[in-house]
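Heads up, the thing below is written out as structure tokens.
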Amino acid sequence: IESTKSAAGVAGATGAEVPLAALGDGETATVSRLLFEDPARLKKLLALGILPGVQLTLLRHRPMLVLQVDLSQLAIDERLGEAVRVRRAP
């Protein structure tokens, strides 16, 4: 979990790490880190159970990002989804 101020310039340094919205529909990935400018956005993600190490599946992109996290389906807006970085499942 990082402030975007400290993460600037290193987003591409890990190779396989991509923004959540870069996944295809039905693709599964593991949350690698959360970037945030606003602590309220971070709190929202944590309250939804989206935190580093959690596996999720992106079910669809529109009209919102719809995710499967464990047994729950969640919908988040793209702005909130921009804070989530994931690593694709092998």
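Please read all numbers here as calculations on a predicted model, not as lab measurements.
- When all heavy atoms are compared, the tightest approach of V86 to S32 is N-OG, 3.6 Å.
- Under the 4.5 Å side-chain heavy-atom criterion for grouping Ile, Leu, Val, Met, Phe, Trp and Tyr, L80 is not connected to V66 through any hydrophobic cluster.
- Looking at H61, its side chain does come within 3.5 Å of a backbone N or O of L23 through a donor-acceptor pair.
- Across all their heavy atoms, P39 and E37 have their closest contact at CD-O, 3.7 Å.
- With values rounded to the nearest 0.5 angstrom, D77 atom CG is found 8.5 Å from K44 atom NZ.
- Judged by distance alone, with hydrogens and angles left aside, the side-chain atoms of R79 form no donor-acceptor pair with the main-chain N or O of I76 at under 3.5 Å.
- The shortest heavy-atom contact between V54 and G49 is CG2-O, 3.6 Å.
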* Carefully, step by step, assess E27 and L58 under the rule side-chain contact (heavy atoms from CB on, under 4.5 Å). => CA-CA 6 Å; E27 194 169 2; L58 180 64; 5.6 Å; no

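- Hydrophobic clustering of Ile, Leu, Val, Met, Phe, Trp and Tyr side chains at less than 4.5 Å, counting indirect connections, keeps V69 apart from M64.
- The side chain to side chain contact (heavy atoms under 4.5 Å, CB included) test with L67 singles out one residue from V84, L59, L20, L48, and that residue is L20.
- T57 contributes no side-chain N or O that, together with a main-chain N or O of T28, makes up a donor-acceptor pair within less than 3.5 Å.
- Under the side chain to side chain contact (heavy atoms under 4.5 Å, CB included) rule, V31 has a single partner from L51, L45, L56, which is L56.
- Closest non-hydrogen pair, R41 versus E82, comes out as NH2-CB, 4.3 Å.
- Formation of a donor-acceptor pair under 3.5 Å by the Q73 side chain with backbone atoms of A75 is not found in this model.
- Here R88 contributes atom CZ and E17 contributes atom CD; the two are 11.5 Å apart, rounded to the nearest 0.5 Å.
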